[in-house]
Novice: 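The following block contains the structure, expressed as structure tokens.
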There are 2 protein chains.
Amino acid sequence: MKNKALQEQRIRGYFIEATKEILKSEGLKSVSVRNIAEKAGYSFATLYNYFKDAKDLVFLCVQDFQEECSAHVVTRSAKAARGGKKLRAILLAYLEYFVQYPGIFELFFMEKLSELNKQPETASMITGFPDRLCEEEWKYLIANKTVSAAAAANKRAALLYGLSGLLLLYINRQMPAGYPAFLKAANTFIDSQLKEMNT
Amino acid sequence: MKNKALQEQRIRGYFIEATKEILKSEGLKSVSVRNIAEKAGYSFATLYNYFKDAKDLVFLCVQDFQEECSAHVVTRSAKAARGGKKLRAILLAYLEYFVQYPGIFELFFMEKLSELNKQPETASMITGFPDRLCEEEWKYLIANKTVSAAAAANKRAALLYGLSGLLLLYINRQMPAGYPAFLKAANTFIDSQLKEMNT
DNA sequence: TTTATAATTTGAACAGTGTTCATTATATTT
DNA sequence: AAATATAATGAACACTGTTCAAATTATAAA
């Protein structure tokens, strides 16, 4: 009787798809149990038969969004020459994605994880994400002796912190003011972190 | 008849004090109109006679918290020698304050500003805050030719972004895991940004 | 001091949340 | 077809924010 599992998984999918739609269009503020259920075609009470929480449901979208973001980054950085150039292109595309979908940034970095859920998993999945996007390129740079493994580790951390903060300030506090100024700040910051490499 | 203005200001103060208490103890999640009003000794409806919103009220606490944080930073960095050392002490004390009061970090950097309020004022008051803490020290370093004005501007921006991101990830995503690891990451990051200065 | 007027405080009421649970409806098995 | 198991649902409760007319209090006038 594996039909049951299949049908159950399908229904879960309807709820997840509904949540993703709301997140991308109206943002996290519009995500409510009754809202999701209506878009999924079920009663709000049904949601609780398949998920513990609406927060639970929301964090199940993280993986899908990461894949979407990865695809965007790959496309946007495809033409860049390998090495520092490509790294820059990847990071800029990463920023671009979250500027386009501020609700997803909110979900990734600002929404509180439901306690005791699978906090560590989801949290590290999120915090490790930008780093994974760059992994191949760092390996390449280290292999080419452009940068030492130790220096690379420091730069990776600095980029993770800096870009997270940059997005936080731009999305939440309009600083810098306007997208061109943001782009300039991002370029300046990335360059300052990537310098002193034998590009 | 300036008694009226005085009394009005006092009542506003009661509400603000109540809000501050809640923010520091239970955090932003426990801030509600009825909650604040009860602590202030008034009905929830009275709040609307003195403030447009509970959000309005919350952002009036920002200035008080900044002063408290400033005082903490001054105390903690008093013994450090001027220059790079002092700058480091200031930034570490800044981080320390927000780690101690995550609710205040949430308020400063994550809470949405009520639209059309005094968004630009409050936003720049917040984003400029860490920079103001360091202002004197950067001036000193520039005057001593330890660093050029241009390089200083870049480093200031990088530190603002990086430390914001570091706090965001640590407070919201437990990354790095544990306070010691956080402190180490903070030190490494600050050092990497302050290096290449003739300290 | 008593009365009339102005100002302030307040709770009822409404529309939203999330969540639980007994009831209803559907599907499955006998 | 009847009995049983499974799934879907809306009522109900406790919270949110917010408005507004009524009640209370303070002030001014008689």
Novice: Rounded to the Å, how far apart are A:Asn49 CG and C:dA22 P?
Specialist: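 That distance rounds to 14 Å.
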Novice: Could you check whether the rings of A:Tyr170 and A:Phe182 sit parallel, tilted or perpendicular, using 30° and 60° as the cut-offs?
Specialist: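 Plane angle under 30°, so parallel.
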Novice: Strictly under 6.0 Å, is that where the ring centroids of A:Tyr97 and A:Phe105 end up?
Specialist: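 No - the distance between ring centres of A:Tyr97 and A:Phe105 does not fall below the 6.0 Å cut-off.
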Novice: Rounded to whole Å, please give me the gap between CG in A:Leu47 and P in D:dA7.
Specialist: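 Rounding to the nearest Å, CG of A:Leu47 and P of D:dA7 are 16 Å apart.
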Novice: So, is A:Ser43 close to the D:dA8 phosphate, meaning a side-chain N or O under 4.0 Å from OP1 or OP2?
Specialist: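 The answer is no; no side-chain N or O of A:Ser43 sits under 4.0 Å from OP1 or OP2.
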Novice: Indicate the ring-plane relationship of A:Phe129 and A:Tyr94, choosing parallel, tilted or perpendicular according to the 30° and 60° boundaries.
Specialist: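 Plane angle between 30° and 60°, so tilted.
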Novice: Of the non-hydrogen atoms in B:Leu87 and B:Cys134, which two are nearest, and what is the gap between them?
Specialist: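 Result for this residue pair: CD1-CB, 3.7 Å.
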Novice: Any idea how A:Tyr161 and B:Phe189 line up, ring-wise: parallel (<30°), tilted (30 to 60°), or perpendicular (>60°)?
Specialist: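 Perpendicular.
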Novice: The helix from C:dT1-D:dA30 to C:dT30-D:dA1: angle between its terminal axes, five pairs each, to 10°?
Specialist: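 The angle separating the two end axes equals 30°.
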Novice: Calculate, to the nearest 0.5 Å, the distance between atoms CD and CG belonging to B:Gln100 and B:Leu95 respectively.
Specialist: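 It comes to 13.0 Å.
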Novice: Sequence neighbours left out, what passes side chain to side chain contact (heavy atoms under 4.5 Å, CB included) with A:Val74? Give chain and number order.
Specialist: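 For A:Val74, no residue satisfies side chain to side chain contact (heavy atoms under 4.5 Å, CB included) once neighbours in sequence are set aside.
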Novice: Report which part of the nucleic acid B:Ile11 touches: base, sugar-phosphate, or nothing (heavy-atom distance under 4.0 Å, all strands).
Specialist: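 Contact class for B:Ile11: sugar-phosphate only.
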Novice: We want to know whether B:Asn144 and B:Arg82 form a side-chain donor-acceptor pair, criterion being a heavy-atom distance below 3.5 angstrom.
Specialist: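 No, B:Arg82 and B:Asn144 have no side-chain donor paired with an acceptor closer than 3.5 Å.
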Novice: What is the distance, rounded to the nearest whole Å, between atom CD of B:Glu38 and atom C1' of C:dT10?
Specialist: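 Taking atom C1' of C:dT10 as the reference, CD of B:Glu38 is at 15 Å.
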Novice: Starting at atom OH of A:Tyr50, determine the distance to atom C1' of C:dT20, rounded to an integer number of angstrom.
Specialist: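 Interatomic distance, OH of A:Tyr50 to C1' of C:dT20: 18 Å.
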Novice: Rounding to an integer number of Å, can you tell me how far A:Gln9 CD sits from D:dA7 P?
Specialist: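 Checked: the CD to P distance equals 14 Å.
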Novice: Find the distance A:Phe15:CZ to D:dT9:P and express it as a whole number of Å.
Specialist: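 Spelled out: CZ on A:Phe15 to P on D:dT9 is 8 Å.
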Novice: If a protein heavy atom is under 4.0 Å from the base, mark B; if only from the sugar-phosphate, S; if neither, -; do that for nucleotides 11-26 of chain D going 5' to 3'.
Specialist: BB---SBBB-------
Novice: What's the CZ-P distance between B:Arg10 and C:dT9, to the nearest Å?
Specialist: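 Going from B:Arg10 (CZ) to C:dT9 (P), I get 14 Å.
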Novice: To the nearest angstrom, how far is A:Ile36 atom CD1 from C:dT17 atom P?
Specialist: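 These atoms are roughly 11 Å apart.
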Novice: Roughly how far apart are A:Asn35 CG and A:Thr19 OG1, rounded to 0.5 Å?
Specialist: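 Taking CG in A:Asn35 and OG1 in A:Thr19, the distance rounds to 9.5 Å.
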